[in-house]
Amino acid sequence: MVVRPRPAGRHRSAVTATPPRPSAAGIAPRARAAGPVDADVIRADAFAVALPVGRWSTDPAVVDAHRLDRSGWIPDGRPLGVAFAREVADVQAVLRVAVARGVPVTVRGAGTGLAGGAAAVPGGVVLDLAGMNRIRELSVDDAVAVVEPGVVTADLDAAAREAGLCYAPDPASAAISTIGGNIATNAGGLRCAKYGVTRESVLGLDVVLADGELISTGRRTVKGVAGYDLTGLFVGSEGTLGVVVGATVRLRPLPRATVTLAAFFDTVAAAVDAVTALGAAGIVPAVAELLDARTVRAVDAATGSDLATHGEVFLLVQTDGSGAAEEADAAEAVLATRARLVRRSADAATAETLLAARRAALPALERLGRVLIEDIAVPRGRLAQAAARVTEIGAATGVEIFTLAHAADGNLHPIIVVDPAEPEIPPRAWAAAEQIFALALELGGTVTGEHGVGVLKRRWLASELGSRSHDLQRQVRRVFDPTGILNPGRAL
């Protein structure tokens, strides 16, 4: 059975929605009055000529709406303009002009990235893929979907569910983030512990290389080991190797049942101990999300929830599949011996309310000030140690740090919040961030579990990879992009 392709809709979360984008106005004119012409104007006009009318803008308001991501990173200088791709040919045209003119290109989806990877390079071009948002095929027989990069993650999952399937990757920004952006950062999310990160759901890609050539990688089968895994290489490459213009992604059967448990604890250590005990008992939850006391209070203040009345620390656990109820029974028994309170719900509405509380965490913190969002992962057995040390770092530096975690896979998000009146992130916040990165490496972990390196973590990448591995990766990058136009200054 094949479901007919259709354009994807646009989900907008009441908590996380971004303002509507201005239309692609400010089209660069094809002819100008006689006189000296700035080099940037000449380069901008080259893109205007190469693209269909309405797909190139230099309007300052449009540029401002597209030049930054959600990381808070503000580059010096401004891009030349924004290219709005609707077809593969548009992407090819942009890259061919960029190579010929030596103009850097920053690829953008919804701009929800948290590491500065989609913050535009000064003097470059923003290549916006949000308009390439068609679900071209959804096959029940093969359990795959073929999608364009601008498809919103939640829209793909909704379309799959209509056919009795689901798309497993579930980043907290699923209501607004795009598949292309998820692929660029190898996004994780709430269901990673059971279903893996984005890479585990990507079977094949269509990619436009830096010189404008279109290639296809991977396949539509679940198995396949012919040649090097170029698909896996592109996933997580943050727009530095090529521009993803299509993806064949794996779908999974819709779980027959889902059971949600909300557990409340006095301390983060007790909550982490409970998650560790779940693993020791052979329980693999689909979701195990933790919010520390400060984050719980912020969510309550932002949404009107009453989580903090039940306990300091909130742990959300979900089981799914045909054995969801029995697995939830076992999980509840483990949690009950460690938690102050455990609530159980098989009701979809109640479960969604609890999930919404978790998804509201970052927006709730953004209400308090300017955020610096960290993303470390440590071996699961060291999660409690990492959380305790993060608290110590906050106290020692005088920085407010709020912690949330994908607890079942050791992925911590220590969120530093600073006064928005400060024009730049203060040195004490950077000092806290550096200590957090050092902590991750000290505990045998990584400086980024799912958000990518972007700009904010480049200086730590060599420490994690080692000099030889780092050099090899830079050589790989030069093979795919010898002129260095793709997202320069990002990732490596």
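Looking at residues two or more places apart in sequence or on another chain, you find no side chain to side chain donor-acceptor pair (under 3.5 Å) involving Arg250. Take Glu87 and apply the side chain to side chain donor-acceptor pair (under 3.5 Å) test, not counting sequence neighbours, and it matches Arg134. Looking at residues two or more places apart in sequence or on another chain, you find a ring pair (Phe, Tyr, Trp, His ring centres under 6.0 Å) between His413 and His406, His451. For Thr153, the side chain to side chain donor-acceptor pair (under 3.5 Å) partners at least two apart in sequence or on another chain are Ser177, Asn182. Arg358 is linked by a side chain to side chain donor-acceptor pair (under 3.5 Å) to Glu289, counting only residues two or more places apart in sequence or in another chain. With sequence neighbours excluded, the residues that form a ring pair (Phe, Tyr, Trp, His ring centres under 6.0 Å) with Phe47 are Trp56. Checked against ring pair (Phe, Tyr, Trp, His ring centres under 6.0 Å), Trp460 has the following partners two or more places apart in sequence or in another chain: Phe437.
Judged purely by distance below 3.5 Å, without hydrogens or angles, the side chains of Gln318 and Thr258 never pair a donor atom with an acceptor atom. In this structure, a donor-acceptor pair under 3.5 Å is present between the side chains of Thr448 and Asp375. Remark: the Asp59 side chain and the Ser57 side chain contain no N/O donor-acceptor pair separated by less than 3.5 Å. A donor and an acceptor atom, one from each side chain of Thr185 and Glu450, are nowhere located under 3.5 Å apart.
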Sequence neighbours left out, cut at 3.5 Å: what donor-acceptor pairs do the side chains of residues 77-85 make with other protein atoms?
from: Arg78; atom 1: NH1; to: Asp64; atom 2: OD1; distance (Å): 2.6
from: Arg78; atom 1: NH2; to: Asp64; atom 2: OD1; distance (Å): 3.1

For residues 479-492, which side-chain N or O atoms pair as donor and acceptor with protein atoms under 3.5 Å away, sequence neighbours left out?
from: Asp481; atom 1: OD1; to: Gly484; atom 2: N; distance (Å): 3.2
from: Asp481; atom 1: OD1; to: Ile485; atom 2: N; distance (Å): 3.2
from: Asp481; atom 1: OD2; to: Ile485; atom 2: N; distance (Å): 3.1
from: Asp481; atom 1: OD2; to: Leu486; atom 2: N; distance (Å): 2.8
from: Asn487; atom 1: ND2; to: Gly117; atom 2: O; distance (Å): 2.9
from: Asn487; atom 1: ND2; to: Glu238; atom 2: O; distance (Å): 3.0
from: Arg490; atom 1: NE; to: Gly116; atom 2: O; distance (Å): 3.2
from: Arg490; atom 1: NH1; to: Pro488; atom 2: O; distance (Å): 3.4
from: Arg490; atom 1: NH2; to: Ala119; atom 2: O; distance (Å): 2.8

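For residues 181-206, the pairs satisfying salt bridge (Lys or Arg N to Asp or Glu O under 4.0 Å) are Asp170-Arg191, Lys194-Asp320, with sequence neighbours left out. For the ring pair (Phe, Tyr, Trp, His ring centres under 6.0 Å) condition, no pair includes a residue of residues 115-174, sequence neighbours left out. Listed by first and then second residue, the ring pair (Phe, Tyr, Trp, His ring centres under 6.0 Å) pairs that reach into residues 94-135 come to none, sequence neighbours excluded.
Judged purely by atom type and a 3.5 angstrom limit, Arg108 uses its side chain to pair as donor or acceptor with the backbone of His66. Not a single donor-acceptor pair under 3.5 Å links the side chain of Arg220 to the backbone N or O of Thr248. Panel note: side chain Thr240, backbone Ser237; a donor-acceptor pair is recorded below 3.5 Å. The main-chain N or O of Ala175 is never found under 3.5 Å from a side-chain atom of Arg359 such that the two would form a donor-acceptor pair. Remark: side-chain polar atoms of Thr303 are paired, donor with acceptor, to backbone N or O of Val299 under 3.5 angstrom. Under the 3.5 Å distance criterion, the side-chain polar atoms of Gln92 are left unmatched by any main-chain donor or acceptor of Val208. A distance-only check finds a donor-acceptor pair linking the side chain of Thr231 to the backbone of Gly218 [under 3.5 Å]. Remark: the backbone N or O of Ile176 is not paired with any side-chain donor or acceptor of Ser173 at under 3.5 angstrom. Although no hydrogens or angles enter the test, the distance criterion places a donor-acceptor pair under 3.5 Å between the side chain of Ser139 and the main chain of Asp142. One N or O on the side chain of Lys457 and one on the backbone of Val447 form a donor-acceptor pair closer than 3.5 Å.
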side-chain contact (heavy atoms from CB on, under 4.5 Å) between Leu138 and Leu251, worked out: CA-CA 9 Å; Leu138 200 158; Leu251 304 178; 3.8 Å; yes
Worked verdict on Asp409 versus Arg380 for salt bridge (Lys or Arg N to Asp or Glu O under 4.0 Å): CA-CA 6 Å; Asp409 52 18; Arg380 288 182 296 182; over 6 Å; no
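Contact of the Leu114 side chain with the Asp69 side chain is not registered, since no non-hydrogen atoms from C-beta on lie closer than 4.5 Å. At least one side-chain heavy atom of Leu316 sits under 4.5 Å from a side-chain heavy atom of Thr260.
Taken from OG1 in Thr319 to CD in Glu326, the straight-line distance is 9.0 Å, to the nearest 0.5 Å. To the nearest 0.5 Å, atom CZ of residue Arg86 and atom CG of residue Leu51 are 10.5 Å apart.
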